[in-house]
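Written out below as structure tokens is the structure these notes cover.
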Amino acid sequence: MKRLAICLLAVIMLSAAACSKQEAVTGETTVKKEQRLVISIPAEPGPIDPAVTVDNSAYKLSYYSYERLLEYDGEKTDLIPGLSKKWEVSPDSKVYTFTLEQGHKFADGTEVNADAVKFTFDRVLKIGKGPSDSFDVIDEIKVLDPYKVEFTLKEPYPIFLPLVAGNYGSIVNPKVMEYEKDGDLAQGWLAVNTSGSGPYQLAEYKKGQYYKYIPNANSAKQPKIGTVYFQINSDVSATRLKLTKGEIDIAEGIPVEQLLELEKESNVELIKVPSLKVDYVYMNIGKGNEALKDRKVRQAISYATNYQSIIKNIQKDTAVPFRGPIPEGLWGHDANAKMYSYDVDKAKQLLSESGKSGIELTLLYTDHMPLWEPIALALQNDFAQIGIKVKLNKVAYATMREMLDKGEFDLSLGQWAPDTADPWEFMSPWFDSKSWGLSGNRSFYKNDEVDKMVREAALLQDKEQRLNLYQEVTKIVNEDAVYVYLDQRQFVLPISKKVQGFKYNPMLDEVYNIQDMSISE
């Protein structure tokens, strides 16, 4: 009997240990189950692989699952240590050496080391998709020792450090190669899975329903919220109702006029802060309607746009005029830059001077952004006032991105938010002819003088020299009317008052600091 009792006791202890282990793996302890956060998103963003996506709506689903060499400091645009505890830059600004902090672990328990850093950036460059454009300046990556890695650049690159702090710099576990198929470097698997050392890991994905995240049990800093759901809700009315009933905690995709109504709800807070996100119209100069090659036609379109009406009647004053191309709040913004205003007579005059008539253009957009349809209708009406006929072309989000990349449109609505606190983000991608398509220059604009200046500015470390070049570029591109600058948005988010610790970082637009948040009762 005594022996049987001992055996039974051993079984009980093993069972308890197994349960304890299971809780550690899933991160869902009894306490953490009470801390559940539900974020409603309007649509699936596509692949969440950091080496593939260039979309903020996908960043929000991958950012927390990874760590980076450097990180952003809360709500600030300052960089602080991440995986690297220190870093050094050579006098010629071409060699960056990072010393890693020991003890960071991937979700499977293996330690993050210099080999993983090299693997990550090599993988980005080999895949060769959107994010690789930011790192094609890398000439060589060397592992100096298990915790020290060296990047040698082909030329000085002033935004290299901020870029490694962005989603593209998310360090991926080399073991992900176990899921490689047909040489895809595990893109298929990482499209709907995560493999990092961040505070959360993707535990479950149900297509069209939700993404479920749980804590990485091997993360040194354990978050307070044990389960995070990104719930896909395309029905705006249902989303709003769920928020007011407390079924979801954060709601995206609600039209701005309905957002303002939520301020009346006692259990909902409406966060409104300045952002660096801008709305604009791509005018396809290189591949679109022939009339758009004429600068006077583009200027006429710019004058025909009723900016204030869009801001007041559609944006409901949650945006301000955009004196572009560098938004206010970012160094390099030119408060004296040429700014088009609504002037129908001036627009008609310029169109007459161009000698063009009977112009018919397509305007591309998607319902992925709730405000785009009313903006598209407003622009269609505005341009009709000067005799330009516009056919609206609403397509699925993925289709729109393909068409933008190929240049299969005349006009298109667009939105842009920077990944770094540097004007490069609005100058090189938008105007360098090497960046045609999804890389940023979606007007397929080419100006040899502009190319020369933005490329020179991208290599300089001296801020004043860069600023002077960017101001010269601003004069040219605004006169060329490359884009229609619609507005600069506020960040507006309805959030349950039970959610504590939310912080907005303009460099991580749409990305939540869920690792710092908690739920009050």
Side-chain angles (χ1 to χ4, degrees), residues 54 125 128-139 153-160 163 168 278 280-299 301-302 324-327 330 332 334 337-338 361-362 364 400-420 422-460 465-485:
V54 291
L125 294 171
K129 294 188 177 176
S132 68
D133 292 340
S134 297
F135 295 122
D136 61 5
V137 71
I138 296 173
D139 186 45
L153 309 186
K154 299 171 186 173
E155 54 197 21
Y157 194 42
I159 65 164
F160 183 69
L163 278 172
Y168 308 156
V278 301
Y280 59 132
V281 178
Y282 316 134
M283 292 191 275
N284 193 342
I285 299 167
K287 295 187 175 184
N289 188 296
E290 196 68 23
L292 293 172
K293 288 182 168 59
D294 191 313
R295 182 168 68 176
K296 288 190 175 181
V297 172
R298 301 195 302 271
Q299 289 176 337
I301 288 172
S302 296
I326 300 171
L330 189 63
D334 189 347
K338 177 183 176 71
L361 305 174
T362 59
L364 180 66
M400 179 182 181
R401 292 181 68 78
E402 290 175 6
M403 293 176 71
L404 288 176
D405 200 33
K406 295 176 182 177
E408 297 173 344
F409 65 95
D410 296 325
L411 307 174
S412 175
L413 292 180
Q415 190 178 88
W416 193 268
D419 295 322
T420 72
D422 194 286
W424 178 95
E425 295 274 358
F426 291 87
M427 301 302 279
S428 288
W430 282 19
F431 303 111
D432 192 325
S433 62
K434 290 193 299 186
S435 297
W436 276 11
L438 272 185
S439 295
N441 186 343
R442 297 168 188 175
S443 279
F444 295 84
Y445 172 70
K446 179 172 175 55
N447 182 306
D448 291 340
E449 187 178 3
V450 168
D451 279 346
K452 180 181 177 182
M453 286 192 284
V454 295
R455 291 170 192 174
E456 182 181 349
L459 300 178
L460 294 171
Q465 288 180 296
R466 294 182 70 209
L467 181 60
N468 291 336
L469 285 168
Y470 284 147
Q471 287 181 338
E472 287 302 311
V473 171
T474 293
K475 290 176 185 176
I476 296 171
V477 298
N478 285 357
E479 193 63 33
D480 279 351
V482 181
Y483 303 101
V484 180
Y485 306 133

Checklist entry - Can you pull the side-chain hydrogen bond (donor to acceptor under 3.5 Å, both in side chains) pairs that have at least one residue in residues 402-413, sequence neighbours excluded? => result Thr362-Asp410
Checklist entry - Quick check: does any side chain N or O of Glu425 sit under 3.5 Å from a backbone N or O of Ala417, one acting as donor and the other as acceptor? => result no
Checklist entry - Would Tyr445 and Tyr282 count as a close aromatic pair, with their ring centres under 6.0 Å? => result no
Checklist outcome for this item: Contacts of Gln465 meeting side chain to side chain donor-acceptor pair (under 3.5 Å) (sequence neighbours excluded), chain-then-number -> none
Item to check | Minimum-distance pair of heavy atoms, taken over all atoms of Asp133 and Asp136 | outcome: O-OD1, 3.2 Å
Checklist entry - Is Ser302 reaching over with its side chain to a backbone N or O of Val484, donor-acceptor style, under 3.5 angstrom? => result no
Next on the checklist: For residues 429-442, which residue pairs pass the salt bridge (Lys or Arg N to Asp or Glu O under 4.0 Å) check, not counting sequence neighbours?
Outcome noted: Asp432-Arg455
Next on the checklist: Restricting to side chain to side chain donor-acceptor pair (under 3.5 Å), what partner residues turn up for Asp334, sequence neighbours left out?
Outcome noted: none
Checklist entry - With distance as the sole test, does Ser435 use its side chain to make a donor-acceptor pair with the main-chain N or O of Gly440 at under 3.5 Å? => result no
Item to check | Flag, side chain of Lys446 to backbone of Ile285, donor-acceptor distance under 3.5 Å | outcome: no
Checklist entry - Would you say the side chain of Val477 lies within less than 4.5 Å of the side chain of Tyr483, judging by non-hydrogen atoms? => result no
Checklist entry - Quick one: are Phe431 and Asn447 in side-chain contact, heavy atoms under 4.5 Å? => result no
Checklist entry - Roughly how far, to the nearest 0.5 Å, is the CZ atom of Phe444 from the CG atom of Leu292? => result 12.5 Å
Checklist entry - Under 3.5 Å, is there a donor-acceptor pair between the side chain of Ser132 and the main chain of Lys129? => result yes
Checklist entry - Taking only residues two or more places apart in sequence or in another chain, which ones pass side chain to side chain donor-acceptor pair (under 3.5 Å) with Ser428? => result Trp424
Item to check | side chain to side chain contact (heavy atoms under 4.5 Å, CB included) assessment of Leu153 paired with Ile138 | outcome: CA-CA 4 Å; Leu153 309 186; Ile138 296 173; 4.0 Å; yes
Checklist entry - What orientation do Trp430 and Phe426 show, parallel under 30°, tilted 30 to 60°, or perpendicular over 60°? => result perpendicular
Checklist entry - Do Asn468 and Gln471 come within less than 4.5 Å of each other through their side chains, counting heavy atoms only? => result yes
Checklist entry - Is the closest basic N to carboxylate O distance between Glu290 and Lys293 below 4.0 Å? => result yes
Checklist entry - Which heavy atom of Ser134 sits nearest a heavy atom of Leu163, and at what distance? => result O-CD1, 3.6 Å
Checklist entry - Taking only residues at least two apart or on different chains, which pairs with a member in residues 467-477 satisfy salt bridge (Lys or Arg N to Asp or Glu O under 4.0 Å)? => result Glu472-Lys475
Checklist entry - Is it true that a side-chain atom of Arg295 and a backbone atom of Asp480 form a donor plus acceptor pair closer than 3.5 Å? => result no
